[in-house]
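For reference, the structure is listed below as structure tokens.
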Amino acid sequence: MISPQRSPPGSSSQSPRSPSAPPFLSVTVTDPVKLGNGVQAYISYRVITKTNLPEYQGPEKIVIRRYSDFVWLHDRLAEKYRGIFIPPLPEKSAVEKFRFSAEFIEMRRQALDIFINRIASHPQLKQSEDLRTFLQEDEETMERARSQETGIFKKKPADLIQIFKDVQSKVSDVVLGKEKPVEESNPEYEKLKHYIFELEDHLAEAQRQAYRLVKRHRELGQSLSDFGKAIKLLGACEGDSLGKVFADLGSKSELLSIKLQKEAHNLLMNFEEPLKDYVRAVQSIKATMVDRANAFRQQCELAETTKLKEINLDKLMLMRSEKAMEAEIEYKELKAESEEATRRFETIVKLMSEEMVRFQEQKTADLGLAFHEFAKGQAKLANEIADAWRSLVPKLDACSPSLCS
Amino acid sequence: MMGLETHAGFGSPPREEMESVALSDAPSDYRSAMSSSLPAIATAADGGDPLLSPPAPLSSVPSSSSSFLDPPSYADVVFSPLDGQNGAAPDRPSLCRDFSFLRSDRAAASEYARIAVSDPQKEQDVVNALVPGGGTYVTYLITSWTRAGVAEFGVRRRFRDVVTLADRLAEAYRGFFIPPRPDKNVVESQVMQKHEFVEQRRSALEKYLWKLAVHPVIGKSDELRVFLQAQGKLPLPTSTDMASRMLDGAVRLPKQLFGEGPAGYVMPQDAVQPAKGGRDLLRIFKELKQSVANDWGGAKPPVVEEDKEFVERKDKMQDLEQQLSTTSKQAEALVKAQQDIGETMGELGLAFIKLTKFESEEAVYSSQRVRAADAKHVATAAVKASRLYRELNAQTVKHLDTLHEYLGLMLAVHSAFSDRASALLTVQTLMSDLSSLHTRIEKLEVASSKIFGGDRSRMRKVEELKETIRVTEDAKCCALREYERIKENNRSELERLDRERHDDFLSMLKGFVKNQVGYAEKVANVWATVAEETSGYA
């Protein structure tokens with residue numbers, strides 16, 4: 001099943017191996033199936049890859065993957081491509097009751113499809129070897145790879161809290177004389193950090209309201225259904241023509257109830273979910289910020305240590321100590337590490353600024369589409385409501401006042 | 001088809017046409033809608049049906065979308081002619097209040113053009129002033145205008161007076177569907193905020209008095225007239241409390257038990273009233289005995305609730321009441337759901353407005369500015385839609401209120417049916433009294449005939465009993481007449497109820513449906529614009 005892809009990677013379906021065809025890589029996540037029993041039950045998905053890229057094993061490949069496979073891929077990419085905003089995954093755990101509800105499964109499938117396609121269309125991420133493993137390896141290889149994941153590269157909550165505290169409580173740290181972790185003094189970056197944190201709050205609020213709106217639609221639908229039934233029974237107490245109008249009205253009410261439930265589902269999938277996705281994306285940026293802070297700290301520490309080593313080396317050389325040679329080797333090693341750390345940090349900075357541009361553009365498109373779907377859905381619903389009720393007007397007008405009926 | 005309502009007596013155009021009068025080109029503001037239709041209609045014939053000459057351009061069946069909705073509610077504007085009719089100055093405080101409880105064609109037949117309740121004031125009760133916390137009560141200014149003389153009356157009444165009025169009406173108009181009076185609300189009056197409670201009561205009183213006024217029989221009653229027009233203290237006998245009634249009854253009981261004269265039996269004039277709690281203890285005991293006898297099918301009651309048609313209708317009423325109750329509850333749930341969705345839509349709009357503001361202020365990239373603009377469109381639309389939902393709901397409440405009203409009316413129906421039942425019981429009791437009297441006379445005569453020369457004392461007894469029989473016969477005739485009268489009242493009221501209910505329900509459904517259509521169209525437009533504006537992302 002093809003679901004709306006955020007950035008179509010190129011849709012040419014020419015003969016895949018011909019050298020003149022534009023390169024494309026398109027992935028579909030489909031066919032959720034429940035496997036296993038009891039507590040260990042899980043959902044598996046079919047992942048279909050269509051490509052003409054030479055690195056891949058053929059024009060089409062189908063594999064079976066489960067949610068934790070996606071998590072593995074996400075974590076590997078996060079570890080290897082620091083500085084890039086890794087596309088977010090849908091939430092890990094759900095309340096046990098809903099883990100296998102049709103709605104939840106569909107939402108997750110859609111989100112996973114979007115996830116994998118974002119990776120496949122990202123200029124750097126799509127070249128990842130881990131991606132190729134994910135898309136092509138058989139299930140046993142995948143399982144082996146997954147169980148080797150030690151998880152030490154995962155973001156610790158402490159890191160996130162640290163960066164939060166950096167932003168919020170600089171002053172108090174100084175006052176308390178706490179040893180502050182070293183951090184950048186880049187005003188533009190500071191501004192960006194503030195922006196990201198505040199953005200998350202606004203988006204979370206919007207998403208909350210969107211979810212409540214979904215619930216309200218369901219509730220209105222329910223009340224229309226109940227009202228329709230009651231009106232029909234009331235109409236049974238009335239005489240002929242009026243009683244029939246009551247019955248018609250009741251039926252329309254029940255019909256509208258169904259339309260409301262449909263719109264509630266549409267809202268959930270095409271408006272509320274994109275907003276949630278936006279929030280996740282912002283959280284991904286925060287994770288990258290942690291990486292950047294760590295890289296900066298490392299760079300500073302190494303630079304500091306290297307400098308000390310240099311001073312020490314000079315001292316030793318002056319003293320013509322036999323330790324000087326050893327120290328020189330150590331110094332050279334350290335210097336290389338320091339330069340590496342600096343390079344890593346600068347890469348992250350560069351990537352981040354490119355990613356920010358991409359992020360902003362992407363989100364305008366994503367949100368624009370979500371707005372469009374929202375407005376379209378609401379307009380359609382309102383028109384259906386108007387049509388349904390309007391169809392009763394001629395019957396009501398035809399119903400004459402009591403003396404003549 | 002022209003609806004010729006007999007009690008209106010005029011050839012009024014069908015209500016649908018009349019409604020389209022108000023709908024076309026009317027401004028959206030309720031107040032201006034009222035005043036704009038006033039001058040035109042004030043020129044209608046005096047005392048005639050204001051609906052006879054619809055002055056504004058008639059449009060045919062409302063087909064364009066705007067005609068569903070332009071005034072806040074077509075139901076409101078329909079009844080504005082009444083104010084212009086009798087030249088009442090439109091600056092009365094109650095002008096803006098909801099007149100949807102008026103039914104214009106029935107209103108046209110009432111003696112009264114309008115009744116308003118206003119100006120609640122606290123007054124001191126002289127008698128109870130010593131009681132701490134007691135002794136104050138609220139009076140209301142009740143202003144009424146009669147249709148005939150275009151005269152205006154203003155009196156001050158307190159709630160206790162209303163209770164008196166209701167009780168006197170209940171006695172005098174047995175068998176009629178008397179609109180139930182507002183509750184005493186003893187608990188609420190303590191718990192609610194004072195002026196909130198007073199306002200709630202004021203509004204309830206106004207509705208109640210008007211319902212009395214438009215009732216074809218009660219609207220013409222002396223009791224109502226006196227209530228509305230007699231200055232000073234209300235000249236109706238007050239309902240005495242239970243204690244003194246019990247006292248009365250206790251005094252009379254010995255007399256009744258020892259059979260002193262005809263006082264031992266029901267006097268004819270009392271036969272037309274149900275046995276009042278306390279006062280007619282003996283009668284209550286006897287009627288109770290009778291109803292038990294009826295139940296056990298012992299003494300075959302000569303009068304049976306033979307009216308099968310009545311029994312059928314009674315069952316139908318019960319069914320109606322059941323359905324009204326359920327539907328009324330579901331209507332409330334529907335209204336709440338509509339309100340909730342409007343509220344949440346508003347809050348969603350607000351959240352996006354904040355997002356818009358934030359993105360605009362912090363914008364570094366042009367894509368952010370675009371996004372902020374998009375969010376603003378959606379936010380504005382959401383807020384607009386929220387307002388529309390709120391308006392829709394206010395109208396829905398008014399329309400579906402008809403359900404609540406008729407549910408309330410079921411109480412009146414119950415009363416009327418129980419009037420009938422107790423009248424029947426009185427008749428049956430008297431009839432079995434008579435039959436037992438006859439039996440006693442027979443026995444005495446038989447016994448007396450066995451004695452040579454007659455039995456002086458027994459013959460005297462027979463004479464006494466014959467006298468009692470005469471009185472009781474009279475009473476029985478009165479009771480029977482009363483019962484027949486009540487039966488007829490029941491019948492005509494049931495017919496009226498069916499007729500009016502048909503019209504009121506039709507009007508309710510029309511209002512509800514047209515309202516929904518109108519607002520749904522508006523909401524659709526709001527969102528269609530946004531969908532258009534964001535179509536580039538599709």
Side-chain angles (χ1 to χ4, degrees), chain A residues 191 195 198-199 202-203 205-206 208-210 212-213 215-217 219-220 222-224 226-227 229-231 233-234 236-239 242 245-246 249 356-357 360-361 363-365 367-369 371-372 374-376 378-379 382-383 385-386 389-390 392-393 396-397 399-405, chain B residues 1 3-6 14-16 61 316 319-320 323-324 326-327 330-331 333-334 337-338 340-341 344-345 347-348 351-352 354-355 358 362 365 367-368 370-371 374-375 378 381 385 498-500 502-503 505-506 509-510 513-514 516-517 520-521 523-524 527-528 530-531 534-538:
Chain A
K191 200 163 164 251
Y195 167 77
E198 240 192 278
L199 180 64
H202 287 295
L203 289 175
E205 173 66 15
R208 255 196 303 275
Q209 297 300 344
R212 278 171 79 197
L213 190 64
K215 256 204 318 187
R216 299 297 185 216
H217 276 69
E219 287 163 6
L220 183 60
Q222 184 61 49
S223 71
L224 274 171
D226 294 337
F227 181 72
K229 292 196 180 68
I231 274 281
L233 288 174
L234 183 61
C237 298
E238 296 302 320
L242 186 59
V245 177
F246 265 91
L249 198 141
M356 265 322 284
V357 177
Q360 297 288 20
E361 280 172 11
K363 277 326 179 185
T364 299
L367 204 57
L369 180 62
F371 285 155
H372 179 74
F374 177 49
K376 220 172 60 166
Q378 291 292 302
N383 278 320
I385 291 176
W389 293 125
R390 205 185 293 116
L392 290 173
V393 172
L396 280 167
D397 286 340
C399 233
S400 37
S402 51
L403 279 186
C404 305
S405 65
Chain B
M1 174 134 34
L4 289 169
E5 315 266 23
T6 52
R15 296 181 69 187
E16 297 76 31
V61 174
K316 273 178 114 182
D319 190 27
L320 177 67
Q323 302 312 332
L324 269 175
T326 314
T327 311
Q330 297 307 340
L334 177 63
Q338 274 181 177
D340 285 346
I341 202 173
T344 302
M345 187 63 87
E347 291 180 350
L348 181 71
F352 277 118
K354 289 201 194 130
L355 185 67
F358 172 69
E362 305 281 331
Y365 306 97
S367 56
Q368 284 173 284
V370 171
R371 196 179 332 135
D374 291 337
V378 171
D498 281 346
R499 241 183 313 128
E500 289 185 359
H502 175 105
D503 290 342
F505 277 3
L506 184 58
L509 293 185
K510 271 196 204 169
V513 165
K514 289 187 180 174
Q516 291 281 338
V517 174
E521 283 174 350
V523 170
W527 289 115
V530 177
T534 55
S535 57
Y537 295 105

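When reading the values below, keep in mind they use all heavy atoms of this one structure, side chains included, and skip hydrogens, waters and symmetry mates. Letters A, B, ... mirror the listed sequences (proteins, then strands); counts begin at 1. This structure is a prediction, so every number in the text was calculated from the model and none was measured.
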Among B:Val378, B:Leu324, B:Asp319, B:Thr326, single out the residue with the greatest number of heavy-atom pairs under 4.5 Å to chain A. B:Val378

Does A:Arg216 form a side-chain hydrogen bond (donor to acceptor under 3.5 Å, both in side chains) with B:Thr344? I'd like the steps, not just the answer. CA-CA 8 Å; A:Arg216 299 297 185 216; B:Thr344 302; 2.9 Å; yes

Is B:Met345 close to A:Leu213 at the side-chain level, that is, under 4.5 Å between some pair of heavy atoms? yes

When you look at B:Phe352 and A:Phe371, which way does the ring-ring contact (aromatic ring centres under 6.0 Å, His included) test go after all the steps? CA-CA 11 Å; B:Phe352 277 118; A:Phe371 285 155; 5.3 Å; yes

Ranking A:Glu361, A:Glu205, A:Glu238, A:Lys376 by heavy-atom pairs under 4.5 Å to chain B gives rank one to A:Glu238

In terms of heavy-atom pairs under 4.5 Å with chain A, the winner among B:Val530, B:Val513, B:Val523 is B:Val513

Which of the residues A:Ile231, A:Leu233, A:Leu203 is involved in the greatest number of heavy-atom pairs with chain B at under 4.5 angstrom? A:Leu233

Checking heavy atoms, do the side chain of B:Ala331, its backbone, both or neither come under 4.5 Å from chain A? both

Counting heavy-atom pairs closer than 4.5 Å to chain A, which one of B:Ala381, B:Ala333, B:Ala524 comes out on top? B:Ala524

Listed partners of B:Tyr365 passing side chain to side chain donor-acceptor pair (under 3.5 Å), at least two apart: none

Any side-chain heavy atom of A:Thr364 sitting closer than 4.5 Å to one from B:Gln368? no

Report which part of A:Lys229 has an atom under 4.5 Å of a heavy atom belonging to chain B: side chain, backbone, both, or neither. neither

So which residue, B:Gln323, B:Glu362, B:Lys354, ends up with the most heavy-atom pairs under 4.5 Å with chain A? B:Gln323

Got a sec, which residues hit side chain to side chain donor-acceptor pair (under 3.5 Å) with B:Thr534, two or more places apart in sequence or on another chain? A:His372

Quick check on the interface: out of B:Ala531, B:Ala375, B:Ala351, B:Ala385, who has the most heavy-atom pairs with chain A under 4.5 Å? B:Ala531

Under the criterion side-chain contact (heavy atoms from CB on, under 4.5 Å), I'd like the reasoning laid out for B:Leu509 against A:Leu249: C-alpha separation, chi angles, the key distance, then a yes or no. CA-CA 8 Å; B:Leu509 293 185; A:Leu249 198 141; 3.7 Å; yes

Test side-chain contact (heavy atoms from CB on, under 4.5 Å) on B:Asp374 and A:Leu367 and set out the steps. CA-CA 9 Å; B:Asp374 291 337; A:Leu367 204 57; over 6 Å; no

Determine the option with the most heavy-atom pairs under 4.5 angstrom with chain B, choosing from A:Lys191, A:Glu219, A:Arg208, A:Arg212. A:Arg212

Going by heavy atoms in the side chains, are B:Leu320 and A:Leu234 under 4.5 Å from each other? yes

Could you check B:Lys510 against A:Asp397 for side-chain contact (heavy atoms from CB on, under 4.5 Å), going step by step and ending with a plain yes or no? CA-CA 8 Å; B:Lys510 271 196 204 169; A:Asp397 286 340; 3.8 Å; yes

Below 4.5 Å from any heavy atom of chain B, which atoms of A:Glu198 appear? Answer side chain, backbone, both or neither. both

Passes side-chain contact (heavy atoms from CB on, under 4.5 Å), B:Thr327 versus A:Phe246? Steps please. CA-CA 12 Å; B:Thr327 311; A:Phe246 265 91; over 6 Å; no

